[in-house]
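First the structure, in the form of structure tokens, and then the observations on it.
Residue numbers begin at 1 in each chain, while the letters A, B, ... track the order of the sequences.
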Protein chains: 2
Amino acid sequence: MTPARSRRPGAPSRTERGIPEATVARLPVYLRALTALSDSGTATASSEDLATAAGVNSAKLRKDLSYLGSYGTRGVGYDVEYLRYQIAREIGVTQDWSVVIVGIGNLGHALANYSGFGTRGFRIVALLDADPALIGARVGEMVVRDFAELDEIVATEDVAIGVITTPAGPAQEVCDRLVAAGVTSILNFAPVVLSVPAGVDIRKVDLSIELQILAYHEQRKSGEAALTEVPELPVINGLPKVDDLPTKRGVGA
Amino acid sequence: MTPARSRRPGAPSRTERGIPEATVARLPVYLRALTALSDSGTATASSEDLATAAGVNSAKLRKDLSYLGSYGTRGVGYDVEYLRYQIAREIGVTQDWSVVIVGIGNLGHALANYSGFGTRGFRIVALLDADPALIGARVGEMVVRDFAELDEIVATEDVAIGVITTPAGPAQEVCDRLVAAGVTSILNFAPVVLSVPAGVDIRKVDLSIELQILAYHEQRKSGEAALTEVPELPVINGLPKVDDLPTKRGVGA
DNA sequence: TAGATTGTTAATCGATTAACAATC
DNA sequence: TAGATTGTTAATCGATTAACAATC
């Protein structure tokens, strides 16, 4: 049980085979780049080629790949098919994961029809909703089922991943039911912070937050000159009513 | 032009009023938490209250807020309405931003109907597609318009933000056209790395990447015992054909 | 004043990057 | 061998966190 590769005594305290989070988040990007290279008939690629395809710099890519092992050949580069397989195995998408989608509104509908899942290691096994008007409706090749069937579906289909596409209101309740049914990874599209017990992973995709981050930078581009003219933020310690405050910044010249 | 707040000589080299990226990404989360508190009639909140609502720890929240200014009162907390306004102003969502969505498939359709945008500082001014079969179709209150009208719409509506919901294929071309029309912030849902010139901000939302990150961690949960039994990665330097490799890991006991 | 809570400091941790020895 | 490129080191940078002085 000694590690195959030597490690300094004071090396990063990652658990055996553990990989830094930032690296984990990039592995799927590398996987996609490798698939594209493979599709275009490229057999071998250097870290520079790969990095360009993935939109990162080559030092970062090599460092990331070094956590997986030594899959390249010095002086040559990486065998595209071989590296692709190794990354897919590391991520865990050489097997298929069963996924349920809960909340079949516009977004749930869109995800159900998204063809990208099937080809990338995921299989949507059920579309669930609690609305009787939706249950039984067809979406692509699937039929919307009653959320009440959750426990049974999770058990029989061995579902590990749940996707929440409900409105904010019922999201925590849905989340709790998913966890109770045995789901241990959740992708949340509802605009709310969900709490889950330890051992359950949750990731959040939030459209309006992404737009707000863009808006922050946009504001600093278009209004740069005007902004420096705006007086420093007033330090008002008497906590004024917000009604007294302007509702729009005066950015005009 | 001297800063109103003193700063150590060797302080972080952020530009005037610049805020760390990690903090910028959390401001919208705080804004939403404040809105929720406001809606529930809370007038004042401590950093602890706010941190709980936002799902972060209170030290991080206070540090984040300190980049904006001193908007709290020691011994008391933060005035919810006042802080909400200050954060909204900092992000830039006290004004409305015009947005175009390009690619009105399932996802574009879902985003067009997403009510969260209008209430959060964004106004969808056009749904665009190049498919003649879609042009003129109604989506909610809007009508899909020809992508060829992009330049005119961007100019007349002062569009700064574009959302790409096309398939991967046309995404770079759409991106280039958006940039050429004057759009300087792009939210990309297409599963492809886009290149943009300096000065254009791009953010990416990728559903299958999010699922793959979950899968990575999931694999390490369910297969933990089994995984330690799997032999160390073989270090094969002869770059074998992937056909020779197993297509599924044997994780079974 | 006593109690509460902010805003800031400083230590720690994790991520990025350039450089280069190892080696194909 | 000479040229190319990996894998790793070490420096730097940025983010997180606990602790606490400042102060309401």
Practice prompt. Check every strand shown and say whether B/Glu48 touches a base, only sugar-phosphate, or nothing at a heavy-atom separation below 4.0 Å.
Written response: nothing
Worksheet item: Heavy atoms, side chains only, cut-off 4.5 Å: are A/Arg32 and B/Asp206 in contact?
Response: yes
Worksheet item: Does B/Arg74 get its side chain close enough to the base of C/dT6, under 3.5 Å, for a donor-acceptor pair?
Response: yes
Worksheet item: Is A/Tyr78 near enough to D/dG7 that one of its side-chain N or O atoms lies under 4.0 angstrom from OP1 or OP2?
Response: yes
Practice prompt. Using whole Å, report how far CG of B/Asn57 lies from P of C/dC13.
Written response: 15 Å
Discussion item. Can you identify which nucleotide, out of C/dT8, C/dT17, C/dT16, has its nearest atom closest to the B/Arg62 side chain?
Written reply: C/dT8
Worksheet item: Would you say a side-chain N or O of B/Arg26 is under 4.0 Å from OP1 or OP2 of D/dT16?
Response: yes
Worksheet, complete the sentence: Closest to the side chain of A/Ser66, out of D/dG7, D/dT16, C/dG7, is D/dG7
Discussion item. Without decimals, in angstroms, what is the distance between A/Glu21 CD and D/dT16 P?
Written reply: 13 Å
Worksheet item: Taking side chain as C-beta onward, heavy atoms only, is A/Asp201 less than 4.5 Å from B/Glu218?
Response: no
Worksheet, complete the sentence: Rounded to whole Å, the OH-P distance (B/Tyr82 to C/dT6) equals 15 Å
Item to complete: Whole angstrom is fine here: how far is it from CG in A/Asp79 over to P in D/dT5?
Response: 15 Å
Worksheet item: So, for A/Cys175 and A/Val196, which heavy atoms are closest and what is the spacing to 0.1 Å?
Response: SG-CG1, 3.5 Å
Worksheet item: How is A/Ala59 classified with respect to the nucleic acid when contacts are heavy atoms under 4.0 Å: base, sugar-phosphate, or nothing?
Response: base
Worksheet, complete the sentence: The Watson-Crick or G-U wobble partner of D/dA11, with both key distances under 3.5 Å, is C/dT16
Worksheet item: Are side-chain N/O atoms of A/Asp49 and A/Ser46 paired as donor and acceptor at under 3.5 Å?
Response: yes
Worksheet item: With nearest nucleotides of DNA chain D determined for A/Asp64 and A/Gly75 from heavy-atom distances, which residue corresponds to the more 5′ nucleotide?
Response: A/Gly75
Fill in: Heavy-atom check, side chain of B/Leu194 versus side chain of B/Ile164, under 4.5 Å
yes
Fill in: Value in whole Å for how far the C1' atom of D/dT8 lies from CG of A/Leu65
13 Å
Practice prompt. Give the rounded distance in Å between these two atoms: CG of B/Leu50 and P of C/dT5.
Written response: 13 Å
Worksheet item: Within the structure, does a side-chain N or O atom of B/Ser47 lie under 4.0 Å from either OP1 or OP2 of C/dT6?
Response: yes
Discussion item. Without decimals, in angstroms, what is the distance between A/Lys60 NZ and D/dA10 P?
Written reply: 22 Å
Practice prompt. State the pairing partner of D/dA21; accept Watson-Crick or G-U wobble contacts with both distances under 3.5 Å, and report none otherwise.
Written response: C/dT6
Worksheet entry | Atom-pair distance (OH on B/Tyr67; P on D/dG14), nearest Å | 11 Å
Fill in: Closest to the B/Lys63 side chain, choosing from C/dT8, C/dA15, C/dA21
C/dT8
